Amino acid sequence: MITNDIAQAVTALADGKLCAIPTETVYGLAANALDERAVARVFEAKERPADHPLIVHVATAADVTEWITELPKWAIDLTNAIWPGPLTIVGPRTALASNSVTGNQDTVAVRVPSHPIAQELLSQLKTQGVKGLVAPSANRFGHVSPTSAAHVSADLGEYLDAHGDLILDGGDCQVGVESTIVLATGSQPVILRPGAITAADIKRITGVDVSEHSENAPRVSGALDSHYSPTAQVILISDGSDIELESNSGFLALAQAPTPAGLVRLASPETIEEFAHELYSSLRSGDDLKLKTIYVVPPRGDGLAQAINDRLNRAAF
Ligand code: TXA
Ligand code: MG
């Protein structure tokens, strides 16, 4: 059931139910991180493999010490500057973080979302002894992440309704791509998943160089070669591409690129931020229109453009 009632969502989550919640990035399928049965049902609902770890969402930056034993100074500077916001930190876990949450790893991922409804929900739950919510993106495993309550309902509505779980509607997600995940177990930040908080932001805030990849980086399911995929085939093309385009296909590009003859325009974002915001809803609308193919001209540049390219490459794989 879709609801606007935060109090109802608080009661449901404190009771061991699941509730899809709005965040500034994408919708998450939330459960009390300390309730093993509820956490197990998150995996069941998403059909997510058990060894893919979850992100724990907490109300304030101070709450991170419940879940992570210690962080280097650069990571504390970073979280103080960005949280609440679209950043996830991976650090050594405390005893609160169970194996089902961490996928048996000795680290745990934590984030403080900035969406006002998520903020309100987390602080009310804290007063009831719920110290964190796990919340993977509220889509079927491998599918496009949801940026509206309707997207969640399309993927998981049947399961959630059958189990008396909820979807808390907070409108469209502002950012549109998942949080930046930063490994914070060493002297340098390692970006495990690019997002709205960029390597340049991290360098500017911490004064420390960012290493983009690490040999022994832990598992990140969003880093599987194929992920974020609609049913339609996604094909990446360059601006002014002279390859033969199949008609009746979808087209997504920045507004300045004209729609090739015979194609269905899915969105015309004016900026990189708008591109991220409309990315997943465009891919989903291609499926709603039963298109076989969606052609995408990926935006150029670093920062958020990199996060969009990361998701598009996996959608197209
Ligand atoms: O923006 C977001 O982060 C959204 C919203 C709902 O908060 N959540 C999200 O969750 O994207 P999910 O489960 O779809 O992606 C979480 C990623 C996964 O790729 C997972 O592998 C990684 O976080 N992760 C979780 N714990 C980890 C750990 N201990 N080490 C490395 N990666 C971890
Ligand atoms: Mg996901």
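Each ligand, and each atom within it, is numbered from 1 in the order the structure gives. Please read all numbers here as calculations on a predicted model, not as lab measurements.
Here is the list of ligand 1 atoms found below 4.0 Å of a heavy atom in Thr25: 1 (O), 2 (C), 4 (C), 5 (C). Numbered from 1 in the order shown, with element, the atoms of ligand 1 that lie under 4.0 Å from a heavy atom of Thr107 read 28 (C), 29 (N), 30 (N). Distances below 4.0 Å separate heavy atoms of Pro136 from the following atoms of ligand 1: 10 (O), 12 (P), 13 (O). Of all atoms in ligand 1, numbered sequentially from 1 with element shown, those under 4.0 Å from a heavy atom of Ile181 are 17 (C), 22 (C), 23 (O). Against a heavy-atom cut-off of under 4.0 Å, Gln105 is close to the following atoms of ligand 1: 28 (C), 29 (N), 30 (N).
Evaluated for a side-chain contact (heavy atoms from CB on, under 4.5 Å) with Pro113, the options Ile21, Thr88, Thr23 yield exactly one hit, Thr23.
The option from Ser145, Ser179, Ala196, Pro86 that lies nearest to atom 2 (C) of ligand 1, judged by heavy atoms, is Ser179. Distances from atom 8 (N) of ligand 1 to the heavy atoms of Ala135, Gly28, Gly103, Gly195 put Ala135 nearest.
Taking a cutoff of 4.0 Å between a charged side-chain nitrogen and a carboxylate oxygen, Arg284 and Asp288 do not qualify as a salt bridge. The pair Arg41-Glu36 does not meet the salt-bridge criterion, since no charged nitrogen lies less than 4.0 angstrom from a carboxylate oxygen. For Arg93 and Asp106, the salt-bridge test fails: no basic side-chain N is under 4.0 Å from an acidic carboxylate O.
Residue Arg48 places at least one N or O, backbone or side chain, under 3.5 Å from an N or O of ligand 1. Considering backbone and side-chain atoms alike, Lys46 places every N or O at 3.5 Å or more from each N or O of ligand 1. Every N/O-N/O distance between Thr23 and ligand 1 stays at or above 3.5 Å. Considering both main-chain and side-chain atoms, Arg193 comes within under 3.5 Å of ligand 1 through a nitrogen or oxygen pair. Annotation: Thr102 places no N or O atom under 3.5 Å from an N or O atom of ligand 1; distance criterion only.
Sparse packing is recorded around CD of Gln174, with 12 or fewer heavy atoms of other residues, nucleotides or ligands lying under 6.0 Å away.
A distance of 9.0 Å separates NZ in Lys131 from OG1 in Thr94, rounded to the nearest 0.5 Å. Taking OG1 of Thr3 as the reference point, atom CD of Gln8 lies at 4.0 Å (rounded to 0.5 Å).
Relative to the ring axis of Phe141, Arg48 does not place its NZ or CZ within 45° and under 6.0 Å from the centre.
Val108 and Leu78 fall within a single hydrophobic cluster, where Ile, Leu, Val, Met, Phe, Trp and Tyr are joined by side-chain heavy atoms under 4.5 Å apart, directly or via other members.
Within the 4.0 Å heavy-atom criterion, neither part of His52 lies near ligand 1.
Residue side and main chain included, Tyr228 places no N/O/S atom under 2.8 Å of the Mg ion (ligand 2).
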